[in-house]
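One structure is given here, and the rest of the page talks about it.
Below, chains carry the letters A, B, ... as their sequence lines are ordered, and counting in each starts from 1. Because the structure is predicted, anything quoted here is derived from the model rather than measured.
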Amino acid sequence: MHILDVVQNSVRAEAKLVEITLSGDQEQDLLTLEIRDDGKGMDSETCARASDPFFTTKPGRRIGLGLALLAQAAREAEGDFQVASRPEAGTMIAASFRWSHPDCKPLGDITATLETLVTAHRGVDFVYEQREGAEIARFDSREVRRA
Amino acid sequence: MRFEDLDKITDRMRKVMSLREGSSQAKITVHMGTCGLSAGARKIMKALIQCADETATKDVIFSTSACAGLCSREPMITIELAGQAPVKYVDLTEEKAKRIFSEHIVNGKIVAEYALAIGSEQTL
């Protein structure tokens, strides 16, 4: 589902908190992924080009595939993709997928994704919430650290 | 959707959090650009974390980096021991990563057959 790839952008944007929410709604046949960070954000021009595979803010590079692949995955599964950001106000990435679509990407190993993020990014806290109907599961690295 | 057992994850995270609070005699950077992730970088990271966990190694810090421009040689990691030149390892598998952890991180001996280059920017 490209979560790890997309969250690397938040880390590069100097986010201190990254919130990842995955929601499944069987009645509406809808799976949504939302990633919010409090990083340095983007201006409107950069934001408009964020999912262009031939655009990147990384110096010395000409392609940036992370968001482009997520956007493509959403389109292929008859979903939607949005990026909202303002300078110094963080970024929100939202992707939706028709859940039963044969091209809806697998979630992958969420445990390993969280393990990687928490281990490799010392100064960043991560909140992961997974919702399906009334069922909610949540991981918050701030709570683990305080315990 | 497979509902993750987040209580179990939280228990594992406590161990992981102690790893990330550790001091830094060694730094492992796993290259996690889109190319690295596609080639299996997350599995490499998982294998290395498992090694640190199993050997109770606390003086190692983990980090990630973006694409290094050698997409065809992914998965890649860079190992940096305090005071020594960093070493880049390429074309990794989980087994190779475990051997690198055991020989380079724990015993300080570079695994030359998996190394691409020695020496680049130092961060430790």
Handout entry: Euclidean distance, A:Leu117 CG relative to B:Thr64 OG1, rounded to 0.5 Å
Key = 8.5 Å
Problem - Cluster check A:Leu17, A:Val118: I/L/V/M/F/W/Y, side chain < 4.5 angstrom - result: no
Practice task
Kindly compute the distance separating CD1 (A:Ile63) from SG (B:Cys35), expressed to the nearest 0.5 Å.
Solution key: 8.0 Å
Problem - Single-linkage hydrophobic cluster, 4.5 Å side-chain cutoff, A:Val18 and A:Met92 together - result: no
Practice task
May I ask whether A:Leu65 and A:Phe55 are part of the same hydrophobic cluster, defined by side-chain heavy atoms of I, L, V, M, F, W, Y residues being less than 4.5 angstrom apart, directly or through others?
Solution key: no
Practice task
Spell out, yes or no, whether B:Val87 and B:Val106 are grouped together once hydrophobic residues are joined by side-chain heavy atoms under 4.5 Å, including indirect joins.
Solution key: yes
Problem - Ion pair A:Asp109/B:Lys46, N-O distance below 4.0 Å - result: yes
Exercise for the section: Is it possible for you to say whether B:Leu70 and B:Leu37 belong to one hydrophobic cluster, with membership spreading through side-chain heavy-atom contacts below 4.5 Å? Expected result: no
Handout entry: Rounded distance (nearest 0.5 Å) linking atom CE of B:Met45 with atom OG1 of A:Thr113
Key = 11.0 Å
Practice task
Give, as side chain, backbone, both or neither, the part of B:Ala41 having an atom under 4.5 angstrom from any heavy atom of chain A.
Solution key: neither
Handout entry: Side-chain donor or acceptor of A:Arg61 paired with backbone N/O of B:Cys67 under 3.5 Å
Key = yes
Exercise for the section: Enter the distance from B:Phe62:CZ to A:His121:NE2 here, rounded to the nearest 0.5 Å. Expected result: 12.5 Å
Exercise for the section: Could you tell me whether B:Glu113 atom CD has more than 12 heavy atoms of other residues or ligands within 6.0 Å of it? Expected result: yes
Practice task
Decide yes or no on side chain to side chain contact (heavy atoms under 4.5 Å, CB included) for A:Asp5 and B:Met32, but give the supporting numbers first.
Solution key: CA-CA 7 Å; A:Asp5 202 1; B:Met32 283 199 172; over 6 Å; no
